[in-house]
Amino acid sequence: MDSHIPAPPTRRLSTGALKNAIDRSTPLLPPALEIDEHNYFDNNEPPEYLESMAKTAEEFVRFHSKNRIVLVTSGGTTVPLENQTVRFIDNFSAGTRGATSAEYLLENGYAVIFLHRQFSLLPYSRHYSHSTNCFLDFMEERDGKVVVDPQYQLEMLSVLRKYQHAKSQNLLLLLPFTTINQYLHTLRALSEILQPARSRALFYLAAAVSDFFVPPSKIPEHKIQSKAGGSKLTMILDPVPKFLNRLVDHWAPSAMIISFKLETDSEILLSKARQALDRYSHQLVIGNLLQTRKYEVVFVEPDLPEVWIRLSNKENADSIEIESKIIPAVIERHTAWIEKSKDTE
Ligand code: PAZ
């Protein structure tokens with residue numbers, strides 16, 4: 001990264017020797033087997049809305065029977081600690097990567113299924129939502145009416161036109177999730193629904209998915225009580241099975257699959273991305289560091305040297321979004337994937 005680009009605020013909690021806190025040399029968890037898939041999906045009930053969501057997605061895929069379709073996953077999954085959930089474990093992801101990438105994919109003619117954490121950032125509305133860009137700051141009162149402040153007119157008009165185009169052409173399907181279980185069931189259902197699209201289907205898995213969860217057999221039904229005098233809370237979380245290889249080999253065997261790898265330690269980013277690629281045999285891992293993810297990412301592909309994508313100082317000062325560089329590079333690879341798949345389809 002260019003040295004004078006300011007690093008975004010980190011969520012570092014301590015200046016202590018964090019290296020010792022977690023053993024980062026731990027290898028990745030083994031890929032899930034068929035039996036793990038059965039165990040998980042038989043024991044963790046699908047969300048009630050799954051069937052109707054699947055119908056909507058099927059219609060969308062049929063409607064785009066000639067177009068490229070991308071499934072973008074975005075935002076963080078939660079891990080409930082109680083069945084009637086008061087408390088849950090969450091992560092930092094606001095869905096910026098996913099929502100921004102979806103816009104550039106739409107601009108390049110893709111139909112987008114946007115599987116996102118409910119209330120995280122959405123394509124187009126992200127420009128005016130959440131605390132940094134409250135939509136009210138873009139408005140003013142004139143003659144008793146609410147109007148857009150003239151200084152934002154042009155930019156908002158451009159965003160509005162793109163949004164309305166995506167809507168009127170039925171190019172964007174928004175599907176929410178909250179928990180890790182909802183995410184996994186929906187991902188599997190959508191993968192199967194996307195099978196007819198074969199190599200035209202692209203998976204862009206940018207969501208930050210929980211690594212651990214409390215299985216139904218161990219989850220308390222009601223709110224966990226604090227005892228008088230305050231006792232410690234100990235919970236044992238099970239690992240979430242790594243379903244990426246099931247996706248690659250069985251759920252969507254003809255699609256191009258891109259996963260993301262997030263780390264905080266630059267020394268292990270490349271090796272972890274390479275390990276994921278070796279383990280799951282998909283086409284591309286996009287690696288990024290928590291601290292620099294808005295300015296640089298690295299493409300890791302089988303049998304090829306890594307490719308870094310970075311914003312220059314000028315691009316950064318001009319508020320260029322790194323996704324405007326990531327997406328053309330992704331599309332180039334998807335085009336090659338479609339070409340390569342032609343012989344077998
Ligand atoms: O949502 P965001 O833009 O703040 O962050 C995006 C991201 C860092 C979650 C994404 O780029 C990513 O790396 N997702 C995969 C995370 C992982 O499970 O390793």
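Counting starts at 1 for both ligands and their atoms, in listed order. We're numbering straight along the sequence, starting at 1.
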Peer 1: Could you pull out every donor-acceptor pair under 3.5 Å between side chains of residues 165-178 and any protein atom, sequence neighbours left out?
Peer 2:
from, atom 1, to, atom 2, distance (Å)
Ser168, OG, Gln164, O, 3.1
Ser168, OG, His165, O, 3.2

Peer 1: Pair up each side-chain donor or acceptor in residues 151-159 with any protein partner under 3.5 Å, not counting sequence neighbours, and list the distances.
Peer 2:
from, atom 1, to, atom 2, distance (Å)
Gln151, NE2, Asp149, OD2, 3.3
Gln153, NE2, Val148, O, 3.1

Peer 1: Check step by step if ring-ring contact (aromatic ring centres under 6.0 Å, His included) holds for Tyr110 and Tyr204.
Peer 2: CA-CA 12 Å; Tyr110 278 74; Tyr204 186 86; 9.8 Å; no
Peer 1: Identify, with sequence neighbours excluded, every residue that meets side-chain contact (heavy atoms from CB on, under 4.5 Å) alongside Val86.
Peer 2: Glu82, Lys223
Peer 1: Salt bridge check, Lys342 against Glu339: does any charged N sit closer than 4.0 Å to a carboxylate O?
Peer 2: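 Salt bridge: yes.
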Peer 1: Has Arg188 got its NZ or CZ under 6.0 Å from the middle of the six-membered ring of Phe41, at an angle within 45 degrees of the ring axis?
Peer 2: yes
Peer 1: If you look at each N/O of ligand 1, which protein N/O atoms lie under 3.5 Å away, and at what distance?
Peer 2:
from, atom 1, to, atom 2, distance (Å)
ligand 1, 1 (O), Ser93, OG, 2.6
ligand 1, 1 (O), Ala94, N, 3.4
ligand 1, 1 (O), Gly95, N, 2.9
ligand 1, 1 (O), Thr96, N, 3.4
ligand 1, 3 (O), Thr96, N, 3.4
ligand 1, 3 (O), Arg97, N, 2.8
ligand 1, 4 (O), Arg293, NE, 3.3
ligand 1, 4 (O), Arg293, NH2, 3.0
ligand 1, 5 (O), Arg293, NE, 3.4
ligand 1, 11 (O), Arg97, NE, 3.3
ligand 1, 11 (O), Asn288, OD1, 2.7
ligand 1, 13 (O), Asn288, ND2, 2.9
ligand 1, 14 (N), Ala206, O, 3.0
ligand 1, 19 (O), Leu262, N, 2.8

